[in-house]
There are 2 protein chains.
Amino acid sequence: MTQALKIRTLINRISRIDAADSWSDDLNPTQLAALSYLAQANRFSRAPSHVAAFLGTTRGTMSQTLKALARKDYVSELRTETDKRYMSYDLTVKGQAATKRSNPLEKALGTFNPATSDSLEHGLNIVLQTMLLVNNGRAFGQCIDCSYYQSGASKGYCALLSISLKPTETKQICHEQVPMQAGQST
Amino acid sequence: MTQALKIRTLINRISRIDAADSWSDDLNPTQLAALSYLAQANRFSRAPSHVAAFLGTTRGTMSQTLKALARKDYVSELRTETDKRYMSYDLTVKGQAATKRSNPLEKALGTFNPATSDSLEHGLNIVLQTMLLVNNGRAFGQCIDCSYYQSGASKGYCALLSISLKPTETKQICHEQVPMQAGQST
DNA sequence: TATCTTTAGTAGCGACTCGAAACTATTGCA
DNA sequence: TGCAATAGTTTCGAGTCGCTACTAAAGATA
């Protein structure tokens, strides 16, 4: 058994046990993952295609999941004005409350010392980036870590969309994000 | 966003992307995970309840998955002689071939330097052990790392079941495994 | 030994995931 | 203006998933 297979087995097993723990009354693990993504994404990144790309599934599958969430009043559907092909799925009050629930995996992680956590986060980030490279996947990072991000006097600016960003927006996920090279800075 | 949540999101996202990649003609990610477990488990640990406990699901759900695998000739069903309540699901030739297929996640992991891999494996192991502790879950480790394991002159011995172990068996997964404390040894 | 009690596997249920394919609406490009 | 690309949706069939209810076997207790 190679170390690569060991690590893959560990990641998948942890994720499955976490999924089993995260079932709630009327929210399954997939719905919760989609909801969690929407809670972190900025206003340009809440369409079915974005959630699908983030979680590595198809538009069709994610469309169904989002419709299920809308049916149960966790999200609201909104047709974008600028480009009428896009939908924006925004969290309702009920949806926001649901993302705040804690779970065994987070509790376990909370007991770790910072060095272990940092090393783990770093390792997993490398795994993800390497996989995305092979898959032609997008990073879905935060604006603050993006090549298009410019830090102004008091607030940030996105050079791709030519808009200024509110402080809270700079730490949201964007589907257009292009990770900065290490050491690079504006 | 806490670091714990970041790590959880990373683990789940990597697992989902890996799952999407691992679909094959007639084998879905869950079936592959079960098959992969069976390939590693020793002859006392191939029952539906063991696979269910390992992957954090219920006996009912796993029973269906194993029946699906049997229907497609990846595993064979065998009633245990000693305890007739137990089933043993053993891999067929077709099943063994299916576990040998590579995938993007393993390929990505293969490019890492040993230090990164070791650190990642170690971190994930701690996460899993901590979660299992909270969940009253079993470790499902190898015989060679078990408290009941005794290394003899040429072969190992299991002090729980009072049987001697073939060399290949000492590195298989056992559902009875009780991890040794660090530093402890026979 | 006779009777609980526990454990293992399973069938059936309803909601839903999942990839694939087919389809519509909108946008972009030549 | 026309055509290709993109976004969202629907439908299909197979299967996951927790849950409940059930049977059979093994253990424990009286």
Side-chain angles (χ1 to χ4, degrees), chain A residues 12 15-35 44-72 74-89 135 138 175-176, chain B residues 12 15-35 44-72 74-75 77-89 138 175-176:
Chain A
N12 285 146
S15 189
R16 273 179 190 278
I17 296 175
D18 177 54
D21 286 333
S22 75
W23 276 81
S24 72
D25 298 341
D26 58 350
L27 223 41
N28 68 40
T30 300
Q31 290 166 353
L32 200 62
L35 205 60
F44 309 111
S45 311
R46 295 181 198 142
S49 55
H50 303 144
V51 194
F54 182 80
L55 294 174
T57 184
T58 61
R59 296 200 315 277
T61 297
M62 191 43 65
S63 180
Q64 296 175 73
T65 297
L66 294 174
K67 292 282 174 199
L69 283 171
R71 212 161 46 233
K72 292 187 279 191
Y74 286 96
V75 295
S76 62
E77 291 176 299
L78 189 69
R79 183 68 65 174
T80 306
E81 274 306 301
T82 48
D83 188 332
K84 283 172 187 157
R85 285 173 303 181
Y86 283 89
M87 298 290 294
S88 187
Y89 281 87
N135 276 18
R138 286 170 280 173
H175 72 106
E176 302 270 26
Chain B
N12 285 147
S15 189
R16 274 179 189 280
I17 296 175
D18 177 53
D21 286 334
S22 75
W23 276 81
S24 71
D25 298 340
D26 58 350
L27 224 40
N28 67 39
T30 300
Q31 291 167 353
L32 201 61
L35 205 60
F44 309 110
S45 310
R46 296 181 197 142
S49 55
H50 303 143
V51 194
F54 181 80
L55 293 175
T57 185
T58 60
R59 296 200 316 277
T61 297
M62 191 44 64
S63 181
Q64 295 176 73
T65 297
L66 293 174
K67 291 283 175 197
L69 282 171
R71 213 161 44 233
K72 292 187 281 193
Y74 285 95
V75 296
E77 291 177 298
L78 189 70
R79 183 69 65 172
T80 306
E81 273 308 302
T82 50
D83 190 331
K84 283 173 186 158
R85 286 174 302 180
Y86 284 90
M87 298 288 297
S88 186
Y89 281 88
R138 286 170 281 173
H175 73 107
E176 302 269 27

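- Among the nucleotides dT11(D), dA7(D), dT9(D), the one closest to any side-chain atom of Tyr86(A) is dA7(D).
- Within the nucleic acid shown, Ser88(B) has no heavy atom closer than 4.0 Å to any nucleic acid atom.
- Distance from the side chain of Thr61(B) is smallest to dC17(D) among dG19(C), dC17(D), dA26(D).
- In this structure, CE of Met87(B) is placed 13 Å from C1' of dA24(D), rounded to the nearest angstrom.
- The listed nucleotides are dG8(D), dC18(C), dT26(C); the one nearest the side chain of Ala47(A) is dG8(D).
- Within the 4.0 Å cut-off from OP1 or OP2 of dG18(D), not a single side-chain nitrogen or oxygen of Asn28(A) is found.
- Checking dC16(C), dC13(C), dT27(C) against every side-chain atom of Arg71(A), the shortest atom distance belongs to dC16(C).
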(request) Might you work through the side-chain contact (heavy atoms from CB on, under 4.5 Å) test for Tyr74(B) and Asp26(B), ending with a clear yes or no? (result) CA-CA 11 Å; Tyr74(B) 285 95; Asp26(B) 58 350; 2.7 Å; yes
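- Of the candidates dC18(C), dT9(D), dT10(C), the closest approach to any side-chain atom of Lys67(A) belongs to dT9(D).
- Between the base of dG9(C) and the side chain of Ser63(B) there is no donor-acceptor pair shorter than 3.5 Å.
- Residue Ser24(A) is out of contact with every strand shown, counting any heavy-atom pair closer than 4.0 Å.
- Distances from the side chain of Arg85(A) to the nucleotides dA8(C), dT9(D), dA5(D) place dA5(D) closest.
- Between Lys72(A) and the phosphate of dC16(C), there is a side-chain N or O to OP1/OP2 separation shorter than 4.0 Å.
- Interatomic distance, Asp18(A) CG to Arg16(A) CZ, rounded to the nearest 0.5 Å: 12.0 Å.
- Of the candidate nucleotides dC18(C), dT9(D), dT10(C), dC18(C) has the atom lying nearest to any side-chain atom of Thr57(A).
- In terms of phosphate contacts, Thr30(A) brings no side-chain nitrogen or oxygen within less than 4.0 Å of OP1 or OP2 of dC16(C).
- Look at CZ on Arg16(A): it is 15 Å from P on dT17(C), rounded to the nearest Å.
- The residue Asp83(A) sits close only to the backbone: its heavy atoms come under 4.0 Å of sugar-phosphate atoms, none of a base.
- Within the structure, a side-chain polar atom (N or O) of Gln31(B) is placed less than 4.0 Å from OP1 or OP2 of dT16(D).
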